[in-house]
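Note sheet for the following structure.
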Protein chains: 2
Amino acid sequence: MLSAKMEDYLKAIYELQRESDEPVATSRIADLLDVTAPTATSMMESLAERGLVEREKYKGVRLTPEGETVALEVVRHHRLLETYLTEELGYDWAEVHDEADRLEHHISEEFERRVAEMLDDPAVDPHGDPIPTDALDPVDETAGTTLVEATEGDRLVVQRVSDRDPEELAYLDEAGIVPGTELVVEEVAPIGVVSVALADGEGTVSIPDAVARTIFVDATDGSTGSATEAA
Amino acid sequence: MLSAKMEDYLKAIYELQRESDEPVATSRIADLLDVTAPTATSMMESLAERGLVEREKYKGVRLTPEGETVALEVVRHHRLLETYLTEELGYDWAEVHDEADRLEHHISEEFERRVAEMLDDPAVDPHGDPIPTDALDPVDETAGTTLVEATEGDRLVVQRVSDRDPEELAYLDEAGIVPGTELVVEEVAPIGVVSVALADGEGTVSIPDAVARTIFVDATDGSTGSATEAA
DNA sequence: CTTAAGCATTAGATTCGTCTAATCCCACTC
DNA sequence: GAGTGGGATTAGACGAATCTAATGCTTAAG
């Protein structure tokens with residue numbers, strides 16, 4: 001039996017791992033989970049003993065296939081819950097995260113099954129993030145182009161907003177940047193900010209690179225931009 | 001902040017306390033929660049230190065008003081969840097207990113609020129047990145007459161089935177003994193079993209006293225039985 | 001009034017997840 | 001190739017919740 005804590009660490013590693021091919025550093029995990037580095041180190045030892053991560057001292061860890069399966073199960077729970085809370089309980093897109101973060105460790109397979117059924121087996125959650133299937137097959141989380149890669153003049157439609165900071169999320173929501181939004185890239189400034197105009201004339205939003213990296217986009221039909229070619 | 005474990009103990013004391021006016025014995029708590037007696041003792045020490053129970057060594061404990069409020073909050077969560085799982089997620093009446101037992105500790109006030117609203121602020125859960133109000137006012141859980149107090153010939157309607165054993169519950173469900181069922185008491189045998197006939201002609205069911213004590217009933221209109229007079 | 005049976009509690013140890021303080025590696029600079 | 005800065009790990013401790021084994025109350029029966 002795996003503790004909720006272990007599930008948290010595995011999910012964290014999963015999230016960090018999709019950012020790059022490098023092994024995940026202890027300090028990143030510690031930061032994300034708000035614990036000290038020694039705590040993360042000792043948990044990595046336990047996870048390695050159980051064969052859930054591969055560890056190279058002083059380098060970092062990587063999920064083993066078994067570890068990834070556990071992570072995918074937790075991620076599936078999380079994203080199904082976010083979808084359910086939004087669709088059925090009227091939660092706001094930006095405020096579901098904490099609730100799902102707690103409940104994801106405590107729902108039964110039965111609950112998962114019923115929720116998935118009620119939602120008609122959704123493929124993505126309200127943020128546009130893909131929901132792992134019941135079979136827990138690996139998902140390509142990096143698929144697609146992000147807003148940092150866009151160039152001026154691109155006409156794009158938002159696919160995913162993978163940001164997880166609730167304040168940032170609420171701001172983007174308020175500004176109208178949600179999955180499905182169409183926008184035009186107005187300026188890609190060399191100081192690390194992208195300005196986009198909402199296609200429905202709702203104004204312009206400036207987005208720093210750190211956030212733009214979490215916004216996945218597709219070209220609108222008829223685009224002449226480079227975003228899609230790069231994908 | 002209270003741990004989920006502490007909440008579990010407080011709920012257990014609450015459940016046991018409603019069975020009699022005596023202080024609740026350590027061993028009963030230990031049995032109910034499936035831990036050893038020393039474990040229960042040491043938890044009682046912690047709860048007493050926090051002012052959640054009043055403890056008399058070698059005698060037992062009683063919830064303080066603060067302890068009862070915490071217990072009521074947990075019970076409210078539990079019963080709302082049971083209702084929600086049954087009404088909205090299609091769970092069976094008899095199988096909701098475990099799911100609710102885990103989730104009750106992890107839902108937010110926001111979740112509680114939304115669920116209560118969606119269900120239109122229900123007064124009782126699917127077992128007929130009363131759901132504490134949002135204000136967490138004490139509830140009279142012993143209100144009503146139970147099936148052990150019935151006499152032959154009584155025509156009764158089932159109000160609550162407070163049993164918590166899932167197998168027994170499933171059996172009663174299968175047999176048609178659910179809140180709302182009308183029945184006639186056929187025999188009160190001196191060996192500790194009550195036989196009742198379902199009013200809709202679905203046959204007869206024999207119920208041992210231990211179970212009958214968990215079945216709360218009201219007289220049907222026109223009854224000549226003694227059950228209601230006793231109340 | 002004594003005593004044995006039956007709970008309850010104390011003693012002491014374990015596991016998990018966490019911390020702080022101390023030490024250790026590694027990579028980069030000079 | 002020596003030194004140093006910074007992240008990683010080891011050392012040691014702690015609180016929560018649990019266990020087993022030993023001891024201590026309480027009470028009801030003689």
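Everything numeric in this text was worked out from a predicted model, so none of it was measured. So you know, we letter chains A, B, ... as the sequences are listed, proteins then strands, and number each from 1.
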Nucleotide [N], atom [atom2] - distance to [atom1] of [X] in whole Å:
{"X": "A:Glu22", "N": "D:dA8", "atom1": "CD", "atom2": "P", "answer": "13 Å"}
{"X": "A:Met1", "N": "C:dG17", "atom1": "CE", "atom2": "P", "answer": "12 Å"}
{"X": "B:Met44", "N": "C:dT10", "atom1": "CE", "atom2": "P", "answer": "14 Å"}
{"X": "B:Asp34", "N": "D:dA17", "atom1": "CG", "atom2": "P", "answer": "17 Å"}
{"X": "A:Met43", "N": "C:dC19", "atom1": "CE", "atom2": "P", "answer": "11 Å"}
{"X": "B:Asp31", "N": "C:dC7", "atom1": "CG", "atom2": "C1'", "answer": "12 Å"}
{"X": "B:Leu47", "N": "D:dG15", "atom1": "CG", "atom2": "C1'", "answer": "15 Å"}
{"X": "A:Leu33", "N": "C:dC19", "atom1": "CG", "atom2": "C1'", "answer": "16 Å"}

Could you check which of [options] has an atom nearest any side-chain atom of [X]?
{"X": "B:Ser27", "options": "C:dC7, D:dC19, C:dG17", "result": "C:dC7"}
{"X": "B:Ser3", "options": "D:dC19, D:dA8, D:dA17", "result": "D:dA17"}
{"X": "B:Tyr58", "options": "D:dA8, D:dC19, C:dT9", "result": "C:dT9"}
{"X": "B:Ala37", "options": "D:dT9, C:dC7, C:dT9", "result": "C:dT9"}
{"X": "A:Thr41", "options": "D:dT20, D:dT27, D:dT10", "result": "D:dT10"}
{"X": "B:Pro38", "options": "C:dG17, D:dA21, D:dA17", "result": "D:dA21"}

Are [X] and [Y] close enough that a side-chain donor and a side-chain acceptor fall under 3.5 Å?
{"X": "B:Glu110", "Y": "A:Tyr91", "answer": "no"}
{"X": "A:Thr69", "Y": "A:Glu66", "answer": "no"}
{"X": "A:Thr83", "Y": "A:Asp125", "answer": "no"}

Just checking [X]: base, sugar-phosphate only, or nothing, at a heavy-atom cut-off of under 4.0 Å?
{"X": "B:Ala25", "answer": "sugar-phosphate"}
{"X": "A:Thr26", "answer": "sugar-phosphate"}
{"X": "B:Glu56", "answer": "nothing"}

Salt bridge or not between B:Arg50 and B:Glu45? Use side-chain N to carboxylate O under 4.0 Å.
no
B:Arg76/B:Glu109 salt bridge by N-O under 4.0 Å criterion:
no
Check this one for me: any side-chain N or O of [X] less than 4.0 Å away from OP1 or OP2 of [N]?
{"X": "A:Thr39", "N": "C:dG17", "answer": "no"}
{"X": "A:Ser42", "N": "C:dG17", "answer": "no"}
{"X": "A:Arg55", "N": "D:dT9", "answer": "yes"}
{"X": "A:Lys59", "N": "C:dC25", "answer": "no"}

Taking side chain as C-beta onward, heavy atoms only, is B:Leu10 less than 4.5 Å from B:Leu52?
yes
Walking DNA chain C from its 5' end, the first of A:Tyr9 and A:Lys57 to be reached, judged by nearest nucleotide, is A:Tyr9
